Amino acid sequence: MGKNEDLFIRAQKTIPGGVNSPVRAFRQVGGIPRFVSRAKGPYFWDAEDKRYIDLIMSWGPMIVGHANPEVVEAVQRAAATSFSYGAPTEGEIELAERICHLMPSVEQVRMVSSGTEATMSALRLARGYTGRDLIIKFEGCYHGHADSLLVKAGSGLLTFADSTQNAPSSGGVPQDLVKHTLVLPYNDIAALEEVFLKQGEQVAAVIIEPITGNMNLIKPLPEFLSTLRQLTSQHGSVLIYDEVMTGFRVALGGAQSLQGITPDLTCLGKVMGGGMPIAAFGGKKEIMSKLAPLGNVYQAGTLSGNPVAVASGLKTLEIVSRPGFYEQLTSQTEQLMKGLKLAADTSGVPVSVDSVGGMFGLYFADQVPRSFEEVTQSNIEHFKQFFHAMLNEGIYLAPSAYEAGFTSITHDSEVIEAILAAAQTAFKQLARDLK
Ligand SMILES: *Cc1c(COP(=O)(O)O)cnc(C)c1O
């Protein structure tokens, strides 16, 4: 028995499922999760000292590469002066200023410790600001695990006037909470128009992943976003862009800078902490001033604005702000996607690809999907076989067909060539098994 398996068995005795976040357990793909011992640049090593090229990068945060020397130095310096004070620091102001500068829709920002806290707090704020209860989310979008966001619709989406149709997608979530959440299909303009026509005056907020990364990568249609912005403005509902994944990953100014949309509130996480547990929500000053201590919407955190996490975030944002960073990241990612598509085509395996900045989608389907329904039609069996063939070759993809992939600036041509060589082997093997 290998060391990874040893650790997995041991972990399951004291940690439910052996993991501290469910997808890590390899349930969709089967097999033994790799226990990481260390990482550097685009690589990590598992408990058996096998090296992998990482295409998850901690689900996005490690955009400047693992153990980036500049970030490590900044974190070490901060750590040497204690880890937490529970009192304000100058670093928090610098990080807030940098975020507001990079994302002009964010006039004020509040720091929290996870993306879940950011979306949960943004919703409470939107409800407090509007005095309304109803929120709208889109099918297949993930916004962390706050109760009112763990909802997916029943199949009859067009009967959304009857919101009791929504069923929680998790145990432990009361139906009473879920009735305030409407779920609509992503990219469906007609559904959006209909719900606003019927219930627009009750909608506190619409929350959206402006480019989704939690049902694989799905891009929004420009008319869908412009309709969304127009309807929310017209009805006084707060438009919340959940950029926890896309912020500083798809572009320096996030998805909103690529789309020319100004949301009312934005949620951030992942890249903004460079791998440390820090996240944020921010937006219009008029809305943000409803937060305690100024307003009556309560929100707090013992470790919020943690100085070590702030140091990591500040240095990471400084590095990504350097000229040419996103051009290089985008071009490397495109090179990877082009090569993967070519390798699949050569072997005759139906695959499509898409990417934006340092985020990519690899779909076992003829066409790039545009909705949750289309994503779920991709071939999971093909994905599983490909996943394990790649893992065997030392390439670590997300262990689920419904997750996006992530590159870093350290995924240079040499690293990409190594991934593509492995992919050629994996696709050939898959094609042989399909015959
Ligand atoms: C990861 C993610 C979250 C949740 O962030 P956590 O830090 O895991 O709580 C929320 N929204 C989106 C879009 C995410 O990708």
Side-chain angles (χ1 to χ4, degrees), residues 19-25 55-63 103 110-126 135-152 169-170 181 183 186 205-220 225 239-251 254-256 258-259 261 263 265-283 299 301 303-306 309-310 312-313 316 356-361 372 375 398-400 402-406:
V19 293
N20 281 311
S21 199
V23 185
R24 296 179 196 170
L55 286 173
I56 305 183
M57 303 308 282
S58 186
W59 305 94
M62 313 311 291
I63 200 166
M103 239 173 219
R110 172 66 58 87
M111 279 152 214
V112 293
S113 301
S114 72
T116 294
E117 263 185 276
T119 57
M120 183 185 79
S121 308
L123 281 180
R124 183 182 305 139
L125 177 59
I135 57 168
I136 293 177
K137 78 175 280 287
F138 297 96
E139 199 180 9
C141 285
Y142 177 67
H143 304 291
H145 60 89
D147 279 345
S148 54
L149 289 166
L150 285 176
V151 187
K152 79 182 164 209
S169 35
S170 162
T181 307
V183 185
Y186 201 78
V206 180
I207 186 165
I208 185 168
E209 281 186 74
I211 297 171
T212 84
N214 288 292
M215 51 171 161
N216 212 322
L217 169 68
I218 293 190
K219 289 179 181 167
L225 291 178
L239 176 58
I240 305 173
Y241 255 37
D242 180 357
E243 296 226 43
V244 170
M245 186 175 276
T246 54
F248 316 114
R249 173 148 284 282
V250 298
Q256 54 195 269
L258 301 173
Q259 299 168 344
I261 298 272
L265 293 179
T266 297
C267 300
L268 295 167
K270 298 193 170 108
V271 171
M272 80 160 270
M276 282 285 187
I278 187 167
F281 63 104
Q299 187 281 328
L303 299 179
S304 292
N306 175 270
V310 164
S312 168
T316 300
V356 51
M359 181 169 160
F360 66 84
F372 179 68
V375 168
S400 161
Y402 300 140
E403 304 286 353
F406 304 97

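Sequence positions, counted from 1, serve as the residue numbers for this chain. Note that the structure is a prediction, hence the values are computed from the model and not measured. Order of listing sets the numbers, starting from 1, for every ligand and every atom in it.
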Point to revise | side chain to side chain contact (heavy atoms under 4.5 Å, CB included) against Val271, all qualifying residues, sequence neighbours excluded | key: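 Per chain and number, Val271 pairs via side chain to side chain contact (heavy atoms under 4.5 Å, CB included) with Ile63, Phe248, Arg249, Thr316.
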Point to revise | Polar contact flag, side-chain donor to acceptor under 3.5 angstrom, Arg124-Gln299 | key: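 There is no such pair (donor and acceptor under 3.5 Å, judged by atom type) between the side chains of Arg124 and Gln299.
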Practice item. Could you tell me how the ring of Phe138 sits relative to the ring of Tyr186: parallel (under 30°), tilted (30 to 60°) or perpendicular (over 60°)? Key: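 Answer is perpendicular, since the angle exceeds 60°.
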Review point. Can you name the residues that form a side chain to side chain donor-acceptor pair (under 3.5 Å) with Glu403, not counting sequence neighbours?
Key: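 By the side chain to side chain donor-acceptor pair (under 3.5 Å) rule, Glu403 matches no residue at all.
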Point to revise | Heavy-atom donor-acceptor pair, Thr212 side chain to Cys141 backbone, under 3.5 Å | key: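 Answer holds: no.
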Practice item. Could you pull out all residues at least two apart from Phe406 that satisfy ring-ring contact (aromatic ring centres under 6.0 Å, His included)? Key: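 Expected list: none.
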Point to revise | Residues in contact with ligand 1, criterion: heavy atom under 4.0 Å | key: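 Residues near ligand 1: Ser114, Gly115, Thr116, Tyr142, His143, Gly144, Glu209, Asn214, Asp242, Val244, Met245, Lys270.
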